Number of protein chains: 2
Amino acid sequence: MARIKTEKNVSRKEVIVTKAAALFREKGFKAASMRDLAEAVGVEAASLYNHIKSKTELLHELCFSVANRFMHYIDEVEAEKITAIEKIEKLMRFHIDEMVHHYEEVYVSDREWKHLADPYLSNYQNQRRIYRKRFASIIEAGIRNKEIKKIDAPTAVLIMLHAVSGIESWHRSKQRISAEELEENMITILVGGLTNK
Amino acid sequence: MARIKTEKNVSRKEVIVTKAAALFREKGFKAASMRDLAEAVGVEAASLYNHIKSKTELLHELCFSVANRFMHYIDEVEAEKITAIEKIEKLMRFHIDEMVHHYEEVYVSDREWKHLADPYLSNYQNQRRIYRKRFASIIEAGIRNKEIKKIDAPTAVLIMLHAVSGIESWHRSKQRISAEELEENMITILVGGLTNK
DNA sequence: TTATTTCCCTAACACGCGTTAGTATGTTAT
DNA sequence: ATAACATACTAACGCGTGTTAGGGAAATAA
């Protein structure tokens with residue numbers, strides 16, 4: 001009889017969630033079937049339901065675990081006594097690291113959250129909106145004390161956040177350059193594009 | 001009896017393709033059903049098949065019409081006798097305009113091409129790869145004659161192209177700033193981020 | 001008007017989906 | 001060894017999907 005393999009301190013549910021992230025990333029949430037997932041896990045589809053409540057629950061878990069990580073990090077950064085540019089650089093490095101090291105999860109939560117159902121959907125959208133507002137506030141503070149070019153802060157946030165998702169292509173292209181080089185290049189262009197002079 | 005309304009010089013098929021773009025953008029290709037599309041068009045699902053061959057054909061048309069526009073434009077730009085930075089600025093402005101004025105199509109072709117079937121899939125992926133290579137070559141030329149910072153060109157391309165897709169949020173947020181302001185801000189940050197000094 | 005073509009309808013198909021019920025097997029605790 | 005539990009299986013459900021067939025209505029051509 002097949003059995004879901006677990007390593008120490010990893011529940012069977014966590015194994016499923018992880019495999020789901022990879023599958024949702026590859027095929028998209030709607031196109032990925034529970035039978036696909038079962039096969040990836042090495043078990044029959046019905047057996048998954050001993051560990052999870054529904055397919056959507058998998059998406060919840062992915063989206064909110066990612067969202068929480070970003071929320072906690074921006075809490076930290078906001079509290080630090082450093083320049084606006086330094087805050088933005090820290091945030092961007094965090095985004096890049098997350099996209100590099102937790103690729104599947106982050107990608108899925110970024111692209112597939114539309115398929116969440118209320119009340120999770122509105123909740124998620126709210127968190128996203130708030131996060132962007134807080135990011136924009138940092139930029140605006142930087143503009144006021146002339147660290148940063150006079151630009152529209154919300155637009156700058158859009159650019160920053162979406163640029164990071166380009167790392168998807170880096171993953172697919174088999175990492176032609178190292179993660180560190182990737183990070184430095186992105187910081188150079190993006191933070192450099194904001195900085196005054 | 002219901003009938004698909006057409007204006008002059010617009011075929012019924014074109015009406016369907018346009019509505020499909022809006023629907024695929026809103027729900028995603030897989031989640032959008034032919035019955036949804038039929039309702040949007042004002043007709044029964046089966047009736048659509050008098051005008052189209054399949055659901056996938058709709059995706060083909062969208063993806064390749066967008067891809068062709070970008071390919072033709074980069075042809076033009078490459079042929080011009082202007083600096084690398086000017087070429088990049090022209091390309092970026094084109095990307096932004098396309099994303100602003102043909103939002104649904106461009107968005108769909110950017111996010112849903114995964115659901116194309118071979119041979120269209122490989123064809124599309126190829127075109128994309130080639131386009132990015134050509135874009136990167138322009139950047140590399142700019143680096144050689146010191147117009148542009150010493151950065152990894154393919155990474156810069158990723159950033160540029162993905163940043164543009166942030167315009168999606170601008171569309172959803174009901175266009176707080178004008179399209180022109182949006183464009184100028186994006187150019188300032190992105191082209192500014194590349195430029196040497 | 002009549003003949004022809006274009007378009008849309010209803011009905012139905014085969015299929016894949018997420019999920020549940022009921023049962024058997026393997027693991028852990030007594 | 002035996003009881004209790006966790007986890008897997010098979011079988012099946014109701015539903016929504018893309019698509020086809022065949023017939024009737026509306027527009028166009030004669």
Side-chain angles (χ1 to χ4, degrees), chain A residues 1-21 23-24 26-63 108 112 114-118 120-121, chain B residues 1-21 23-24 26-63 108 112 114-118 120-121:
Chain A
M1 214 174 196
R3 207 137 205 276
I4 300 177
K5 286 180 195 166
T6 62
E7 319 191 347
K8 222 177 176 179
N9 292 331
V10 177
S11 72
R12 288 181 163 75
K13 178 167 179 174
E14 284 167 324
V15 172
I16 294 173
V17 172
T18 303
K19 294 277 187 186
L23 204 68
F24 294 169
E26 190 192 331
K27 300 195 164 197
F29 177 74
K30 275 282 175 184
S33 77
M34 292 304 279
R35 287 166 177 89
D36 290 337
L37 177 56
E39 192 180 351
V41 171
V43 98
E44 293 300 315
S47 309
L48 297 172
Y49 288 84
N50 285 305
H51 307 280
I52 60 163
K53 286 201 298 290
S54 66
K55 187 187 181 185
T56 338
E57 188 204 4
L58 294 168
L59 191 58
H60 300 162
E61 302 234 347
L62 290 168
C63 289
V108 167
E112 306 292 335
K114 279 186 188 176
H115 300 105
L116 288 170
D118 268 324
Y120 298 97
L121 178 60
Chain B
M1 215 172 195
R3 207 137 206 280
I4 300 177
K5 287 180 196 168
T6 60
E7 318 188 349
K8 220 177 177 179
N9 292 332
V10 178
S11 72
R12 286 178 164 77
K13 178 167 178 174
E14 283 167 325
V15 173
I16 294 173
V17 171
T18 303
K19 294 276 186 186
L23 204 68
F24 294 169
E26 189 191 332
K27 301 196 163 195
F29 177 74
K30 274 283 176 184
S33 76
M34 293 304 278
R35 286 164 178 88
D36 290 338
L37 178 55
E39 193 180 351
V41 170
V43 99
E44 293 300 315
S47 308
L48 297 172
Y49 289 84
N50 285 302
H51 306 281
I52 61 162
K53 286 202 297 289
S54 67
K55 187 187 182 188
T56 336
E57 187 204 4
L58 293 169
L59 191 59
H60 299 163
E61 302 234 348
L62 289 168
C63 289
V108 168
E112 306 292 334
K114 278 186 190 178
H115 300 105
L116 288 170
D118 266 325
Y120 298 97
L121 178 61

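Reminder, nothing fancy here: chain letters follow the sequence lines and each chain counts from 1. Small disclaimer: the values here were computed from a predicted structure and weren't measured.
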K.L.:
Looking at B:Phe29, I'd like to know if the NZ or CZ of B:Lys114 sits under 6.0 Å from its six-membered ring centre while staying within 45 degrees of the ring's axis.
P.N.:
no
K.L.:
Send over the distance from A:His51 NE2 to D:dC5 C1', rounded to a whole Å.
P.N.:
13 Å
K.L.:
So, is A:Ser47 close to the D:dT7 phosphate, meaning a side-chain N or O under 4.0 Å from OP1 or OP2?
P.N.:
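No, A:Ser47 has no side-chain N/O under 4.0 Å of OP1/OP2 on D:dT7.
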K.L.:
Looking at B:Thr18 and B:Glu14, would you say the former's side chain and the latter's main chain have a donor-acceptor pair under 3.5 Å?
P.N.:
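Here the side-chain-to-backbone pair exists.
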K.L.:
Below 4.0 angstrom, N of the basic side chain to O of the carboxylate: do A:Glu112 and A:Lys27 qualify?
P.N.:
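Salt bridge absent between A:Glu112 and A:Lys27.
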K.L.:
Tell me, what's DNA chain D's dot-bracket, Watson-Crick or G-U with both distances under 3.5 Å, | for other-strand, [ ] crossing?
P.N.:
|||||||||||||||||||||||.||||.|
K.L.:
Could a donor-acceptor pair under 3.5 angstrom be found where the side chain of A:Asn50 meets the base of D:dA6?
P.N.:
no
K.L.:
Just the rounded figure in Å: distance from P of D:dT17 to CD of B:Glu39.
P.N.:
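One finds 11 Å between P of D:dT17 and CD of B:Glu39, rounded.
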K.L.:
For B:Leu23, does its backbone N or O pair with a side-chain atom of B:Glu26 as donor and acceptor, under 3.5 Å?
P.N.:
no
K.L.:
Pick the nucleotide of DNA chain C nearest each of A:Thr56 and B:Glu44; which residue has the one closer to the 5' end?
P.N.:
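Between the two, 5'-proximity favours B:Glu44.
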K.L.:
Determine the contact category for A:Ala31: base if any of its heavy atoms lies under 4.0 Å from a base atom, sugar-phosphate if only primed atoms, P, OP1 or OP2 are that close, otherwise nothing.
P.N.:
nothing
K.L.:
Is there a donor N/O on one and an acceptor N/O on the other, under 3.5 Å, for the side chain of B:Arg35 and the base of D:dG16?
P.N.:
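Answer no: no donor N or O sits under 3.5 Å from an acceptor.
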K.L.:
Once you apply a heavy-atom cut-off of 4.0 Å, does A:Ala38 come out as touching a base, just sugar-phosphate, or nothing?
P.N.:
nothing
K.L.:
Roughly how far, to the nearest 0.5 Å, is the OH atom of A:Tyr120 from the OG1 atom of A:Thr56?
P.N.:
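Rounded to the nearest 0.5 Å, the OG1-OH separation comes out at 9.5 Å.
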K.L.:
At a heavy-atom distance below 4.0 Å, which nucleotide of DNA chain C is the first touched by chain B, and which is the last?
P.N.:
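Range of nucleotides within reach of chain B: C:dC7 to C:dA12.
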K.L.:
Is there a donor-acceptor pair under 3.5 Å between the side chain of B:Glu39 and the backbone N or O of B:Arg35?
P.N.:
no
K.L.:
Taking atom NZ as the centre, does A:Lys19 end up with more than 12 heavy-atom neighbours from other residues, nucleotides or ligands that are less than 6.0 angstrom away?
P.N.:
no
